[in-house]
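To start, the structure itself, in structure tokens.
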Amino acid sequence: MPGGEINIRPMQASDYDAVLALWQETEGVGLNESDARENVAAYLTRNPGMSRIATDPEGGVVGAVLCGHDGRRGYLHHLAVAARRRRSGVGLALVGACFESLRQAGIPKCNIFAYADNAAGQSFWRHTGWNARTELLVMQKQV
Ligand SMILES: CC(C)(COP(=O)(O)OP(=O)(O)OC[C@H]1O[C@@H](n2cnc3c(N)ncnc32)[C@H](O)[C@@H]1OP(=O)(O)O)[C@@H](O)C(=O)NCCC(=O)NCCS
């Protein structure tokens, strides 16, 4: 892989600062109050070992994704690969590691949420075998 070997490992709460920095610099990743340090830590605790990061040989975070499930469906959030490391298989490796965790948990299907105007992101998902459920609408209400 150009630029050195990439390592994929489970995301830990202590990775938060580096992961947040990557998400903040990545187009197509929308951050909100649910991405505060304590919320991400809670997500990792509820879904142990499922979210992943990719690190370069120096230990820098060059990729990240949140992965979890609710007992029925799996979910991926905020898949991001540093621009200089794209098109080298990092994104697919992160998703593959998450799928391995979901398989082990007995979860048969996985959902993602993508911005409708994120054409490049959608292109990646379609290219890697994902289908848009165009008959569905995502709705939301404040609790
Ligand atoms: C989408 C993203 C995570 C892909 O990461 P990546 O490491 O470049 O992807 P990979 O190298 O693993 O690509 C896997 C396959 O998808 C293809 N691919 C990657 N990006 C693509 C794109 N934008 N459009 C079409 N195909 C794409 C690769 O060519 C490769 O195909 P191949 O297996 O036939 O060779 C990365 O571009 C990114 O961080 N984008 C911005 C954030 C974003 O949009 N995330 C999704 C939010 S919903």
Side-chain angles (χ1 to χ4, degrees), residues 1-44 46-105 107-142:
M1 188 173 287
E5 266 318 296
I6 297 295
N7 182 46
I8 307 286
R9 68 162 171 83
M11 188 190 297
Q12 296 163 1
S14 57
D15 296 314
Y16 180 79
D17 289 330
V19 169
L20 182 66
L22 174 64
W23 285 339
Q24 285 173 331
E25 72 180 24
T26 300
E27 74 283 7
V29 173
L31 299 174
N32 58 46
E33 70 284 354
S34 300
D35 300 300
R37 184 184 305 273
E38 58 273 23
N39 297 90
V40 172
Y43 189 90
L44 298 179
R46 283 175 58 97
N47 300 283
M50 292 195 143
S51 299
R52 298 299 204 288
I53 63 167
T55 58
D56 64 16
E58 290 74 44
V61 174
V62 296
V65 62
L66 291 175
C67 172
H69 71 86
D70 56 16
R72 297 176 68 251
R73 293 282 180 261
Y75 297 90
L76 301 181
H77 305 276
H78 297 351
L79 174 67
V81 173
R84 66 188 183 286
R85 289 291 190 160
R86 289 181 192 168
R87 301 280 181 154
S88 304
V90 178
L92 203 55
L94 287 165
V95 174
C98 292
F99 269 33
E100 188 52 41
S101 295
L102 292 171
R103 265 192 294 273
Q104 283 174 14
I107 301 297
K109 289 182 182 170
C110 186
N111 296 334
I112 57 128
F113 302 96
Y115 285 110
D117 64 358
N118 182 3
Q122 286 178 41
S123 180
F124 165 80
W125 295 114
R126 288 181 200 279
H127 185 82
T128 57
W130 294 65
N131 297 309
R133 295 288 304 270
T134 52
E135 77 281 23
L136 297 180
L137 170 69
V138 176
M139 299 183 78
Q140 193 173 71
K141 189 177 182 184
Q142 200 78 28

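In what follows, every heavy atom counts, from backbone to side chain, and hydrogens, waters and symmetry copies are set aside. Every number for a ligand or one of its atoms is a count from 1 in the order of the listing.
- With a 4.0 Å cut-off on non-hydrogen atoms, Arg126 does not touch ligand 1 at all.
- Arg72 places no side-chain N or O within 3.5 Å of a backbone atom of His69 that could act as its donor or acceptor partner.
- Here the side chain of Asn118 pairs no donor or acceptor atom with the backbone of Ala114 at under 3.5 angstrom.
- Under 4.0 angstrom from ligand 1, the non-hydrogen atoms of Trp125 all belong to its side chain.
- Scanning the protein for heavy atoms near atom 24 (N) of ligand 1, the closest one is Ser123 OG, 2.8 Å.
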Take Arg37 and Asp17, measure what side chain to side chain contact (heavy atoms under 4.5 Å, CB included) needs, and give me the verdict at the end.
CA-CA 8 Å; Arg37 184 184 305 273; Asp17 289 330; 2.7 Å; yes

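- Residues Trp125 and Val95 form a side-chain contact, since some pair of their non-hydrogen atoms from C-beta on lies under 4.5 Å apart.
- With respect to atom 29 (O) of ligand 1, the closest heavy atom belonging to the protein is Arg87 NH1, 3.3 Å.
- The residue from Leu92, Val29, Val65 that puts a heavy atom closest to atom 12 (O) of ligand 1 is Leu92.
- Considering only non-hydrogen protein atoms, atom 32 (P) of ligand 1 sits nearest to His127 NE2, 3.5 Å.
- Numbered from 1 in the order shown, with element, the atoms of ligand 1 that lie under 4.0 Å from a heavy atom of Ala80 read 39 (O).
- Residue Val90 has at least one heavy-atom neighbour below 4.0 Å for each of these atoms of ligand 1: 7 (O), 12 (O).
- Counting the atoms of ligand 1 from 1 in the order shown, those under 4.0 Å from a heavy atom of Gly121 are 44 (O).
- Distances from atom 48 (S) of ligand 1 to the protein include at least one heavy-atom value under 4.0 Å.
- Atom 9 (O) of ligand 1 has Phe124 CE1, 3.5 Å as its closest protein atom, hydrogens excluded (heavy atom only).
- Atoms CD and OH, on Glu27 and Tyr115 in that order, are 13.0 Å from each other to the nearest 0.5 Å.
- Interface atoms of ligand 1 facing Gly89, defined by a heavy-atom separation under 4.0 Å, are 10 (P), 11 (O), 12 (O).
- Residue Thr128 has at least one heavy-atom neighbour below 4.0 Å for each of these atoms of ligand 1: 15 (C), 16 (O).
- The distance from ligand 1 to the heavy atoms of Asn118 drops below 4.0 Å at these ligand atoms: 43 (C), 44 (O), 47 (C).
- Nearest protein heavy-atom contact of atom 23 (N) of ligand 1 is Ala120 O, 3.0 Å.
- Within 6.0 Å of CD on Glu135 lie more than 12 heavy atoms contributed by other residues, nucleotides or ligands.
- Contact annotation: for Thr26 versus ligand 1, heavy atoms closer than 4.0 Å belong to the side chain alone.
- Put simply, the side chain of Asp56 gets close to the backbone of Gly60: a donor and an acceptor are under 3.5 Å apart.
- For atom 37 (O) of ligand 1, the nearest protein heavy atom (residue, atom name, distance) is Arg86 CD, 3.3 Å.
- When hydrogens are left out, the protein atom nearest atom 41 (C) of ligand 1 is Glu27 O, 3.4 Å; that is the closest non-hydrogen contact.
- In terms of modelled atom types and a separation under 3.5 Å, the side chain of Arg86 and the main chain of Val81 share a donor-acceptor contact.
- A donor-acceptor distance shorter than 3.5 angstrom exists from the side chain of Arg52 to the backbone of Met50, with no hydrogens or angles considered.
- Of the listed residues (Leu79, Asn47, Leu76, Leu44), just one forms a side-chain contact (heavy atoms from CB on, under 4.5 Å) with Leu66, and that residue is Leu44.
- With hydrogens left out, the protein atom closest to atom 46 (C) of ligand 1 is Leu79 O, 3.7 Å, a heavy atom.
- Taking a cut-off of under 4.0 Å to the non-hydrogen atoms of Ser88, the atoms of ligand 1 that pass are 11 (O).
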Could you go through the side chain to side chain donor-acceptor pair (under 3.5 Å) check for His77 and Asp35 one step at a time?
CA-CA 11 Å; His77 305 276; Asp35 300 300; over 6 Å; no

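- Between Gly28 and ligand 1, no N or O atom pair is found at a separation short of 3.5 Å.
- One finds no salt bridge joining Asp70 and Arg46 here, because no Lys/Arg side-chain nitrogen approaches an Asp/Glu carboxylate oxygen to under 4.0 Å.
- Here the closest heavy-atom approach between residue Cys67 and residue Cys98 is recorded as CB-SG, 3.4 Å.
- Residue-to-ligand polar distances keep Phe113 apart from ligand 1: every N/O pair is separated by 3.5 Å or more.
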